[in-house]
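Just below is one structure, and these are the notes that go with it.
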Amino acid sequence: MFLTFRAAVEAAVEDALTALDLPADDLGVERPPEDVDAVLASSVAFRLAGETGAPPPAVAERVADAVDPAVHEYLDRVDTQGPYVNFHPTPRYLSDTVEAALDGDWGRLPDRGESVVVEHTSANPTGPVHIGRARNPIVGDAVARILGFAGYDVETHYYVNDAGRQVAILTWAYETFDEAELPEAEREKRDHELVRYYRRGTTVLEEGDPEAVEAAESAIAAVMQGLEEGDPETEERVEAVVEPMLEGMSASLERLPAAFDRRVHETEFMPAETRDATARLRALDEAVYDEEAWQLDLADFGIEKRLVFQRSDGTSLYPTRDIAHHQWKLDEYDHAVTVLGEDHRLQADSVRAALELLGHDTDPLDQVIYSYVDMPEGKMSTRAGTGVDLDDLLDEAVERAREEVEDRAGDRIREDDLSPEDVDRIARQVGVGAVRFDVVAKQPTKAITFEWERALNFEAQSAPYVQYVHARTCGVLERARSEDSTVSSSVDPTALSAPEERDLVRAVARFPAVVKAAAEDRTPHVVATYAREFAETFNAFYRSCPVLSADEEVRAARLALVAAARETVGNALSLLGVEAPESM
RNA sequence: GGGCGUGUGGCCUAGCGGACAGGGCGAGAGGUUCCUAACCUCUCGAUCGCGGGUUCGAAUCCCGCCACGCCCGCCA
């Protein structure tokens, strides 16, 4: 509804300017501050003041006079406040908004008939997921949900680096060391068990005596060569350790929840596609053979660092395989979004440049960059075993949420008691939701230093604040149902006259525009910001507008509005991957 | 050294060319015979890193500087 209204306002301003014979290249349509009672405003008058020789307020008057509200949908009237032209919607804007929101799937944008692959997380299968990288699945999952809701045909991929040196080390270590000589696993989970081999392996490589290191290096090299050639036996050996590791990691990710439509393995592009890409790269004018390795000169793309794409021993590197991988993505999908840490940026830019050189249009490629989460003491590392595991964070979050639920159970006003199952459910929804919301609500490029107290703060501006609004809407609707009231699918707009009612409807109306912006810019945090503002608006309404005790007509309208609000806040939470509790 | 990113009250954060820079945490004062108080109201608190510039107008754009992070591997 907001989108329709905005289009109408833009058309109205443009028509008015044209009629006044003024330039209409910048309409200055924007959202006014909260205390101004208009849905949209225009600041064109500032820009036209010089043009017309009149002061901005006078220009604003003229523009406002030139608008004919009758010919624009939902446009009721236009007035001015100083230099600003303000636009007010018709009562139908309110009723149509509520009715549309009740129609189901509120906020979903029409099908675009375009596919998009969202690749995220893609953590190396070397150990348990720690929270240094936890932004990736949380942001990536939200981006995928938002794009899907915005009308794209979305597929999510976890790209498995199963052909690199790291997994070769893991494979060699797994086959070499005896479990009896390793420390006990931190959890009875395959990823925790297997990471012990990886850690022991890297320790030997770093601190072992020269002979041992040499033997290890040759064993590792043999694994990499085998993979390069597509040797089935080597692939089997690697798979034997990579797959259980991934199962363990996935189990943690699913708690967020972050699930994937498919895992795409590097080895799927070996040897054929990688060899083909290597050959085509070597044929380029920008290809340089230096110190027995093949490299790509990307100076024309502003990248000083040469991209090495074939080692002196003839094997490929991660970027080489990623080029083959991305050629496939470009062939299969209309758009490809990759969520990756800031340290991979140069890498990704280089791959993109190489794809351009190979003749691909890389416009469909898009990156969402996030900054790693550090500990107060410094970086987290799988190898060193420093940092906090995602499982530990989620366990702690749920545990603290449970304490909250139990504390609050005592002074509940409502007489219905929570069953043990309810307590479990709420603790999980609130605990996991708080972690997710805390991460997804921030711009991903901002650095985060992990602190327990801050990450697990359930106070205002966190997930529970928004979830609580959803629970409240459910509570009202449930009560109404028990009194045999049904939510009417049509609304009398004149019954919604209180400012808190109007504000809430207007907030509902904006939701599709928020989805659109978040999808276009790949910025899930704007949905979180909206959800928080929406919750605030709802709470203002809830405070001053009793629903069930209101007179019949007002009651019907408010009940419909509550149902619309539930749909809105529920869908917003779902886009963020945060559960919407029906009670809490 | 070069490239990229970030810098908003004690702390976290939104805004990224227009109406007095919004929230939250924290500190303090209130609010529940009424649909869930994980709520609400009020008070305290900001040279929007620093300095220039562009503009009628700059937290927002440009230039310079400073601080922090990331990258500059035949690792991924």
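Note that the structure is predicted; figures quoted are calculated from it, not measured. Numbered from 1 within each chain, the chains take letters A, B, ... in sequence-line order.
Looking at residues two or more places apart in sequence or on another chain, you find a side-chain hydrogen bond (donor to acceptor under 3.5 Å, both in side chains) between A/Asn86 and A/Gln81. Residues satisfying the side-chain hydrogen bond (donor to acceptor under 3.5 Å, both in side chains) criterion with A/Arg522, sequence neighbours excluded, are A/Asp366. Residues that satisfy the ring-ring contact (aromatic ring centres under 6.0 Å, His included) test with A/Tyr465, not counting sequence neighbours, are absent from this structure. Evaluation of the ring-ring contact (aromatic ring centres under 6.0 Å, His included) rule for A/Tyr542 yields A/Phe538 as partners, not counting sequence neighbours. With sequence neighbours left out, the ring-ring contact (aromatic ring centres under 6.0 Å, His included) criterion links A/Tyr370 to A/Tyr372. A/Asp322 meets the side-chain hydrogen bond (donor to acceptor under 3.5 Å, both in side chains) test with A/His325, A/His326; sequence neighbours excluded. For A/Thr202, there are no side-chain hydrogen bond (donor to acceptor under 3.5 Å, both in side chains) partners, not counting sequence neighbours. Legend: residues meeting ring-ring contact (aromatic ring centres under 6.0 Å, His included) with A/His120, ordered by chain and number and at least two apart, are A/Phe260.
Listed in residue order, the members of residues 160-170 of chain A having a heavy atom less than 4.0 Å from RNA chain B are A/Asn161, A/Gly164, A/Arg165, A/Gln166. Residues from residues 50-62 of chain A lying near RNA chain B, meaning a heavy-atom separation below 4.0 Å, are absent.
When all heavy atoms are compared, the tightest approach of A/Phe541 to A/Glu500 is CA-CB, 3.8 Å.
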(request) Sugar-phosphate means primed atoms, P, OP1 and OP2; the rest is base. With that split, encode nucleotides 23-30 of chain B 5' to 3' as B, S or - using protein heavy atoms under 4.0 Å. (result) BSS-----
Listed pairs, N/O of protein and of nucleotides 6-11 of chain B, under 3.5 Å:
residue	atom	partner	partner atom	Å
B/G7	OP1	A/Lys446	NZ	2.9

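If you check distances only, the side chain of A/Asp35 does reach the base of B/C20 with a donor-acceptor pair under 3.5 Å. Side-chain N/O atoms of A/Ser312 and base N/O atoms of B/C74 include a donor-acceptor pair closer than 3.5 Å.
Summarising the base pairing, B/C74 is matched to no nucleotide, lacking a Watson-Crick or G-U wobble pair whose two defining distances lie under 3.5 Å.
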